[in-house]
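Presented below is the structure to which this report refers.
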Amino acid sequence: MSGAQTNQRGGRRSWELACDALRILAVDPVEVGGAVLRCAAGPVRDEWLQALQSALPAHTPWRRMPATITDERLLGGLDLAATLRAGSPMVQAGLLRETDGGIVLLAMAERIEAATAARLAAVLDHGGFRLERDGFAATVQARIACVALDESFGDDEQLPNALLQRLPLLLDLSNIGLDDFEAPTLDERCIASARHKLKSVQSPPEIVEALCAAAMAFGIDSIRAPLMALRVARICAALAGRASVTSEDASLAAGLVLAPRATRIPAPAEPAPPEPQSADQEPPQPPAPPPDAPPPPQTEAEQPQQDPEVQTQSVEPLQEQILAAAQAAIPADLLLHLLARNAAAMRQRSQGRSGALQQSRRRGRPAGVRQAVPRLGQRLSVVDTLRAAAPWQSLRRNALPAQASARERVQVRSEDFHVRRYKQRSETATLFIIDASGSAALHRLAEAKGAIELLLAQCYIRRDQVAVIAFRGRAAEVLLPPTRSLVRARRSLAGLPGGGGTPLAAGIDAGAAMAASLVRAGLTPTVVLLTDGRGNVTREGVGNREQATQEALSAAKALRSGGHRVLVIDTGPRPQPQAAQLSAALGGLYLPLPHADASVLATAVQRSRLSADNRAVAR
């Protein structure tokens, strides 16, 4: 079979699953919870959404939610215009309250903020939320379903995990061509009948156990997945007019819910080994009865038990059936998808997201408002200022004389002022602190030069800067101030000599000073220390190994207090305990690379930056 025929067959299979998910979601979208459509804007996605909206009951709420929605529009808040007219607080309903009992269509879901995704996930869990803001409190009912439109190209962007765990139906429509899909046919009578039968559908215990076993076989570690699969199986049974969930319903639910979440392919069941039997001994045979003898009576245990309508299946064959059906829905390149998913989690934190989040006065993405008087370039939020002043207008007018009250239609005081907050990611700077002492210095410097060149080759993508400090003899010196110039870096490193003592404490002190200056300049430093940890020169330039070791540990603790991300690369011929002890004092990552080349060193630096980005917080 050619590649084109394989893609066409996969596209038709994906559209069939999408049509099954469409019927399931049309029965009770709130009970299901929602779906994720991975597909760019086009006729395939429009056809699916239009069919879903037409299959829902009349007057079902359908609201489009942008990924950059504000908390005020999402949750609700003070109606500024009505409050100013009435002179008392007036509440404005948010988008979630407007969509109670309907579907929220989340556009460009891969770009939603983590905080907004957490609020939406809480509403999906509890069917409502507690609103406390602008001087009032209320409990808002919002039983919604969410259809998230994933428009990401490749695997650089992903939906927040909080939404992926709560939306059962994960549909990939990206490989469906115009020749693969047909207009879905929905039987409105069947869907309406399923809505009435859904509450009475029973779930046999063996079905529940089989779904849980299938989730474990696929490597799914969340209990939400089999629970969501069970809800989908109940709706499948209601669509088929059955009063109880069968293996067919569970198989379809496993293909829609469990298969897209698989992290491994289940291993085939091993056949049971035959019982050992001696070669010279045959199994005993019962004596043959006489030809005219009546058949022996059967005991109660030997008599077969039959059910007139439904024959109960054993758990093991049921699990195998569900696993086989779910495996048919797994893409053939599952391993590539898993590798791409893991790599995307690393790239998402590296490319375009270089440094830690930091507050800004005028630049960056909006991060809410706070109560403060505008100063030092801060921007006044006029709407939020008026919103804070609106509830107090009647009291403030009564406190003024009649003439003054008539002149001042809206009274704003200093405690009403609110300023906008912004957040942006700072640039990063990789600071190399190189041990240039000893006979092996030339080898270590060659590795550092190659790693710096590899990192500078990508500095335009990650907006990185690179600096180099070398220590040898009696002191440390700055070879390369923070720069993006590859030519300057090569020129600075070309004439560095090696040899002499190891002033380890002086090198760490110089690195701490430069890291502090980088922070003051608005950069996020990553410190990479290349040494074997065996210092033998004190800060005064005197040879004393014991004192030099203590001073190095003291300098490491001082560098750690700055909260910088640190990677210690042990360049000794074998892992040295002094380097591990120094890494523990620095609170950084320890990596013994006695025989590493430049590419391995550059990869280690990049991975250390990625792992540290998880712990980056807003300053």
Side-chain angles (χ1 to χ4, degrees), residues 17 20-37 101 103-104 106 117-129 142-148 159-171 194-195 197-240 242-264 266 313 315 318-327 329-330:
L17 291 175
D20 292 335
L22 179 62
R23 299 183 185 92
I24 293 169
L25 198 58
V27 174
D28 193 346
V30 176
E31 175 68 17
V32 176
V36 176
L37 292 184
I103 293 181
V104 172
L106 179 56
R119 295 181 180 91
L120 188 59
V123 173
L124 290 172
D125 286 340
H126 305 291
F129 59 94
R143 298 183 67 253
I144 64 169
C146 178
V147 176
L159 266 71
N161 193 35
L163 288 181
L164 288 176
Q165 287 189 356
R166 290 165 175 83
L167 301 181
L169 306 174
L170 307 182
L171 306 175
R195 294 192 184 107
K197 295 180 179 179
L198 180 59
K199 295 182 179 180
S200 60
V201 174
Q202 302 296 324
S203 303
E206 58 270 14
I207 294 292
V208 178
E209 185 176 351
L211 288 175
C212 293
M216 294 178 60
F218 285 119
I220 303 174
D221 56 357
S222 175
I223 191 60
R224 295 180 184 272
L227 291 176
M228 293 186 300
L230 182 61
R231 293 203 304 263
V232 172
R234 293 181 65 251
I235 296 179
C236 293
L239 284 171
R242 289 186 282 265
S244 179
V245 178
T246 63
S247 59
E248 181 180 354
D249 305 322
S251 300
L252 179 57
L256 289 171
V257 180
L258 301 183
R261 291 174 166 83
T263 61
R264 65 169 180 257
Q313 295 178 325
V315 177
L318 181 60
Q319 293 178 4
E320 295 176 358
Q321 181 178 354
I322 294 177
L323 278 176
Q327 280 184 289
I330 293 180

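The structure displayed is predicted, hence computed values, not measured ones.
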With a 4.5 Å heavy-atom cut-off, do [X] and [Y] have their side chains touching?
{"X": "Val201", "Y": "Arg242", "value": "no"}
{"X": "Leu163", "Y": "Val36", "value": "no"}
{"X": "Ile24", "Y": "Cys236", "value": "yes"}

Heavy-atom closest contact ([X] atom, [Y] atom, distance):
{"X": "Leu258", "Y": "Ala215", "result": "CD1-N, 4.0 Å"}
{"X": "Pro204", "Y": "Ser244", "result": "CG-OG, 3.3 Å"}
{"X": "Ala237", "Y": "Val245", "result": "CB-CA, 4.1 Å"}

Going by the rule side chain to side chain donor-acceptor pair (under 3.5 Å), which residues pair with Arg143 if we only count those two or more places apart in sequence or in a different chain?
none
Distance from [X] atom [atom1] to [Y] atom [atom2], nearest 0.5 Å?
{"X": "Leu211", "Y": "Glu206", "atom1": "CG", "atom2": "CD", "value": "11.0 Å"}
{"X": "Leu239", "Y": "Lys197", "atom1": "CG", "atom2": "NZ", "value": "10.0 Å"}
{"X": "Arg195", "Y": "Glu31", "atom1": "CZ", "atom2": "CD", "value": "13.0 Å"}
{"X": "Thr246", "Y": "Ile207", "atom1": "OG1", "atom2": "CD1", "value": "6.5 Å"}

List the steps and the verdict of side-chain contact (heavy atoms from CB on, under 4.5 Å) for Leu124 and Leu167.
CA-CA 9 Å; Leu124 290 172; Leu167 301 181; 4.0 Å; yes
Residue set satisfying salt bridge (Lys or Arg N to Asp or Glu O under 4.0 Å) with Asp20, at least two apart, ordered chain then number -> Arg23
Arg231: partners by salt bridge (Lys or Arg N to Asp or Glu O under 4.0 Å), with sequence neighbours left out
none
Do other residues, nucleotides or ligands put more than 12 heavy atoms under 6.0 Å from Glu248 CD?
no
Residues which pass side chain to side chain contact (heavy atoms under 4.5 Å, CB included) with [X], listed by chain and number, not counting sequence neighbours:
{"X": "Ala121", "value": "Ala162, Arg166"}
{"X": "Pro29", "value": "Leu25, Leu56, Ile103, Ala145"}
{"X": "Ala142", "value": "Leu96, Val123, Phe129, Ile144"}

Qualifying residue for side-chain contact (heavy atoms from CB on, under 4.5 Å) with Pro168, from Val257, Leu230, Leu256:
Val257
Under 4.0 Å between a side-chain nitrogen and a carboxylate oxygen: does that hold for Arg224 and Asp125?
yes
